[in-house]
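Below you'll find the structure, written out as structure tokens, and then a few comments.
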Protein chains: 2
Amino acid sequence: MSKIKETSTNFANKQALAEECPEAYAAHIIGGQWALVICSCLINGKLRFGELKRLLPNITERMLALHLRKLETNKIVRRTVYAEVPPRVEYELTPIGYELSPIIKQLERWGENHKKLK
Amino acid sequence: MSKIKETSTNFANKQALAEECPEAYAAHIIGGQWALVICSCLINGKLRFGELKRLLPNITERMLALHLRKLETNKIVRRTVYAEVPPRVEYELTPIGYELSPIIKQLERWGENHKKLK
DNA sequence: CAGCATCCCAGGTGATACTG
DNA sequence: CAGTATCACCTGGGATGCTG
């Protein structure tokens, strides 16, 4: 290819890395600013959009919706829409999402640990 | 505060979340695109800058240097400069960085797992 | 070798307003 | 309630070139 440039942003490159390298792949999926936090909220069970929003006062609706979609696309969360009035949408972890929970919990403990050491 | 705006980008807000919430804190530190991959390279021992670069063909020098600095600041890696010619700099995980390794390994396994399921 | 400075673009994120 | 659309901004990240 000899250059890979022309506004390609090397994105294909990153994708390639993510394909090869499990950590990069994982980072790509759960690496966002919010993915981990959202998942940790969902560990204890399904939640509605509004509940998530309340749990995460710092996130904007937009970001919540966006990241929820991304997680849904990546099969980390399942989104269930109830055809009711008022509308109700519930989010819950998929099996593969649940497999993340021990990792998330370890990360929490690590985080607290690390914070102390600072 | 009543608004928090004026070009503040809400960054302080994110910081606040990171302070309170261990997952957010962890995400803040290891959440970057490269942190995890870099750490996973260092699990097996210290490496020089050039070695890291060779191990991570997709990363630019700039990003490698930047993230290495960030990791150093966060006490995840230790940076050792040898006053020699030619210059030599070695990077290795700190104790707290090593505590990350089981998590990283789990994440790797999760990543491979997840990739298959797609 | 290791890494910084500069330039610059693209994508991420926020604010606000609107809809089913 | 649970979003989506749009605009504008800002930072992340790439490319390139230079230094100790």
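This structure is a prediction, so every number in the text was calculated from the model and none was measured. When reading the values below, keep in mind they use all heavy atoms of this one structure, side chains included, and skip hydrogens, waters and symmetry mates. Just so we're on the same page: letters track the sequence lines, and every chain starts at 1.
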Rounded to whole Å, please give me the gap between [atom1] in [X] and [atom2] in [N].
| X | N | atom1 | atom2 | answer |
| --- | --- | --- | --- | --- |
| A:E51 | D:dC1 | CD | P | 11 Å |
| A:Q33 | D:dC10 | CD | C1' | 15 Å |
| B:R69 | C:dA2 | CZ | C1' | 9 Å |
| B:M63 | D:dT16 | CE | P | 15 Å |

With side chain to side chain donor-acceptor pair (under 3.5 Å) as the test, pick out the partner of B:Y91 among B:R79, B:R48, B:R78.
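Result for side chain to side chain donor-acceptor pair (under 3.5 Å) with B:Y91: B:R79.
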
What's the closest nucleotide to the [X] side chain, out of [options]?
| X | options | value |
| --- | --- | --- |
| A:P87 | C:dG20, C:dT13, C:dC1 | C:dG20 |
| B:H67 | D:dG13, C:dC1, D:dC1 | D:dG13 |
| B:E61 | C:dC4, D:dG13, D:dG3 | C:dC4 |
| A:A65 | D:dA2, D:dG3, C:dC1 | D:dG3 |

Describe the nucleic acid contact of A:Y82 in one word from base, sugar-phosphate, nothing, applying a heavy-atom distance below 4.0 Å.
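Result for A:Y82 = nothing.
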
Could you check whether the side chain of A:R62 and the base of C:dT16 have a donor-acceptor pair of N or O atoms closer than 3.5 Å, going by distance alone?
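Counting by modelled atom types and ignoring angles, no donor-acceptor contact under 3.5 Å is found here.
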
So how far is it from B:I104 CD1 to B:L93 CG, rounded to the nearest 0.5 Å?
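Answer rounded to 0.5 Å: 7.0 Å.
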
Taking 4.0 Å as the cut-off, does a side-chain nitrogen or oxygen of B:R48 come that near to OP1 or OP2 on C:dC1?
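No, B:R48 has no side-chain N/O under 4.0 Å of OP1/OP2 on C:dC1.
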
Strictly below 4.0 Å: does B:R79 bring a side-chain N or O up to OP1 or OP2 of C:dG3?
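So the side chain of B:R79 is within the cut-off, an N or O lying under 4.0 Å from OP1 or OP2 of C:dG3.
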
With a 3.5 Å distance limit and no angle check, can you tell me whether A:W34 reaches the backbone of A:C39 through a side-chain donor-acceptor pair?
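Checking the backbone N and O of A:C39 against the side chain of A:W34, no donor-acceptor pair under 3.5 Å is found.
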
So A:E90 and A:R88, salt bridge (charged side-chain N to carboxylate O under 4.0 Å, His left out) or not? Walk me through it.
CA-CA 7 Å; A:E90 286 184 343; A:R88 182 161 57 103; 3.2 Å; yes

